[in-house]
Structure formats: C-alpha cells, structure tokens
Amino acid sequence: MRLDADSDSYTESQIIMTTVRIVAPFALTYGLFLTFHGADTPGGSFQGGAIIGSTVLMIAFAFGIEPTRDWLANRTVVALAAGGTAVFTIVGLIPMLYGDSFLAHPFFEEQWGIDTKWGLEAIEIGGVAPIVAGVVMGLFFVIAAGAVAEEVSMDD
Amino acid sequence: MSELFAGVLFAFVLAAAVATAAFRDTLTVIVVFAAYSLGMALFYAFLLAPDVAMTEAAIGAGVTTLLLLLTLAKTVREDTDQLLESVNVPAVLVFGGLLVVMVASLGEFPAVGADDAMAWYNPEVTQHYIANAYDDTGVENAVTAVLAGYRGFDTFGEAVVVFSAGIATLIVLNKEVFTRE
C-alpha cells in the first residue's frame, strides 16, 4: 500500500534525464575505480562507496523516486549495508580465532601466505564501500518515503 | 599563480558562506551551500589532501544537498519576497565575538608546509608511517595503509556508526524496509 502522495512532485525534464543518462555510467565507473584502486592512488572505499551510492540518487532525481524505489529492491540495500558490516567483522575476527589480535592483517601472511595487502583490500572493498553505498541509498529512499505511522496503526 | 588561485578560491568560499547565512529562501540557501562545499573540496585538493577533497565533493556537495532538497520537497517551503534574512542582533554579537577570537588565533598557526608545522611536532611517528607503510601493509597509498591497517579498529568503529545511522533512520521513521520488498 502506498500512502506517500508526493509522487506528483516529480517533473520530467529532458535535459536532466539526458545528462544523467550520459554522466551516470562515468560516475559509477569512477566510484568503482576509487574503491578498487584506493590502495594505490588517492581515494578509497569511503569515497568510492559514496559515489556509487550517489549514482543511484542521481538516477532517482532524473527518472523519479518512485520508479527507482520499485527497481531497487530492499534486499539489495540491506545486503550492501549489513553484508559490508559482516565482512568487516569476520575479516577482523579470523585472526582472533587463532589467538592473534582483532584486524591483525599480517596474520594472514604468516598463517596462509596471503599478502597482508589483501586483508586491507578485503575490509575496504568488501566492508567500507558496500556499507557507505548501501546506507547512502537507504537513507535517501527511506527519507523520501517519510514516516508511516498510519500504516502501522492499520496493521494492528 | 597558485597564490592567485588560492585567493580567488578563498573569496568564493567566503562569499558562499556569507550567502548561505544571509539568503532568506531555503532553496537558494541549499544551492549556495552546495557551491560552498564544492569550493571547500577544491581547497582541500589545493592543500594536497585529495582524499578529503573527494569526500567533501561526494558527501558535502552531493549527498547532503540531495538529502536537503528531498527534505524541502517533503515539507513546506515558505513563500517569501524578501531576498535576505532579517538580522538577529544577539546572534551576530555572539558570532562576531567568536570570529574575533578565531582571527586573533590565526597568527599563531604555522604556515602551510613550514618546518615547525604541527604535523612535524612528532617526527618519529609521522616518519615511521611514511617510511614503513609499504613494507608493513603492501599498499602504496599511505592514507589507506593507516585507515585500513594501522588504525583498522577506528575504521571499524566508523563503519559501524554509518551502518547504525541507516538502522536508526528506519527506527525513527517507524519503517521496516528501505525501499520495497
């Protein structure tokens, strides 16, 4: 059931839609580049995740929040935000299972010969970037939908 | 050349900041505030802090502006013919006092890049990270090495704070899903 009646605030604009259609692939690529290349060049997963998230916000502004909300499943947002937190925690906890410290990346090299670098990459690419991208998207759509006090009272 | 650039940028950021405080119409304020953030992002890039510049551009100028615009669309925008906000004398006095204190303390700051700058007060620590970051962690960006390696636990806390912000918004707005099932 849709109680939010603000979908009329959307105005279709050829200029904005065309601009976003051209810019969005580049913005997404740049976000992915910052995320995956953040270990060796300026930038990093926080910035990359924020840009990946804002690409979706850009699409929502150009093509309407409602259709974008229908396209972006809640499952995706939760998987990014909660999955990222889980990856970060698990990568940190693995060394602890073997008696080392939390987030002790050199442990992977000593134990299994995996370069220390991959520990950092794992929490950056698998942790921080998905969390930031997911939360940026989630905040936007949940604020766009507004409070749903009426819906809750109807369920009772 | 670079001094001219810094001067123009400083004038732009200052003008945008004053405009943000002075304009009456909320939509105008949001747009001017985005311009301020973009100016600050350029400033950080100019001061050789590209990582901070990217964050300011993406979060400050991008996401914050969109969230503010969204809030404006969800609420009521006051119709006004007044261009400027009326001056609140007590607020101006308090802010003026603060400004005097801040400007007075400016002289105590070392010049950017000077040998006695704060960053070099503890040369053993800074030099340790610069000298050992690559050997210790295997990543070339020393900022990433510190954030994900040496100070990984702090970053873990920050990541959990961001995650909690998303969950807290769901709780405050009394919803169970971000988009739709």
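Treat the numbers as computed from the prediction; the structure is a model and nothing was measured. So you know, we letter chains A, B, ... as the sequences are listed, proteins then strands, and number each from 1.
- Per-residue counts of heavy-atom pairs under 4.5 Å with chain A were compared for B:Val52, B:Val177, B:Val63; the largest is that of B:Val177.
- Top candidate by heavy-atom pairs under 4.5 Å with chain B, chosen from A:Val78, A:Ile51, A:Leu57, A:Val132, is A:Leu57.
- Of the two parts of A:Ala82, the backbone and the side chain both hold a non-hydrogen atom closer than 4.5 Å to a non-hydrogen atom of chain B.
- Remark: side-chain polar atoms of B:Thr144 are not paired, donor with acceptor, to backbone N or O of B:Glu140 under 3.5 angstrom.
- In this structure, B:Phe156 and B:Phe153 have parallel ring planes: the angle between them is below the 30° cut-off, well short of the 60° mark.
- Between B:Val92 and B:Asn88 the shortest side-chain heavy-atom distance does not fall below 4.5 Å.
- The candidate with the highest count of non-hydrogen atom pairs below 4.5 Å against chain B, out of A:Gly134, A:Ala60, A:Ser54, A:Ala81, is A:Ala81.
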- Before giving the answer on ring pair (Phe, Tyr, Trp, His ring centres under 6.0 Å), spell out for A:Trp112 and A:Tyr98 the whole-Å C-alpha distance, their side-chain angles and the decisive distance to 0.1 Å. CA-CA 12 Å; A:Trp112 297 308; A:Tyr98 293 84; 5.5 Å; yes
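- Here the side chains of A:Gln47 and B:Asp51 are in contact, with some heavy-atom distance below 4.5 Å.
- Here A:Phe141 and B:Phe178 keep their ring centres 6.0 angstrom or further from each other.
- Neither the backbone nor the side chain of A:Asp115 comes within less than 4.5 Å of any heavy atom of chain B.
- Contacts between A:Thr89 and chain B at a heavy-atom distance below 4.5 Å involve backbone atoms as well as side-chain atoms.
- Side-chain contact between A:Thr35 and A:Glu124 is absent, with no heavy atoms from C-beta onward closer than 4.5 Å.
- Cluster membership check: A:Ile52 does not share its hydrophobic cluster with A:Phe88, using side-chain heavy-atom separations under 4.5 Å among Ile, Leu, Val, Met, Phe, Trp and Tyr.
- Heavy-atom pairs under 4.5 Å with chain A were tallied for B:Thr155, B:Leu69, B:Ile167; the largest tally goes to B:Thr155.
- Proximity to chain B is limited to the side chain of A:Ile123, based on heavy atoms less than 4.5 angstrom apart.
- Considering only heavy-atom pairs separated by less than 4.5 Å from chain A, the leading option among B:Thr137, B:Leu67, B:Thr169, B:Asp136 is B:Thr137.
- For B:Val143, no part sits under 4.5 Å from any heavy atom of chain A, backbone or side chain.
- For A:Phe140, the parts lying under 4.5 angstrom from a heavy atom of chain B are both the backbone and the side chain.
- In terms of non-hydrogen atom pairs under 4.5 Å with chain B, the most contact-rich of A:Ala73, A:Gly44, A:Ala104, A:Gly119 is A:Ala73.
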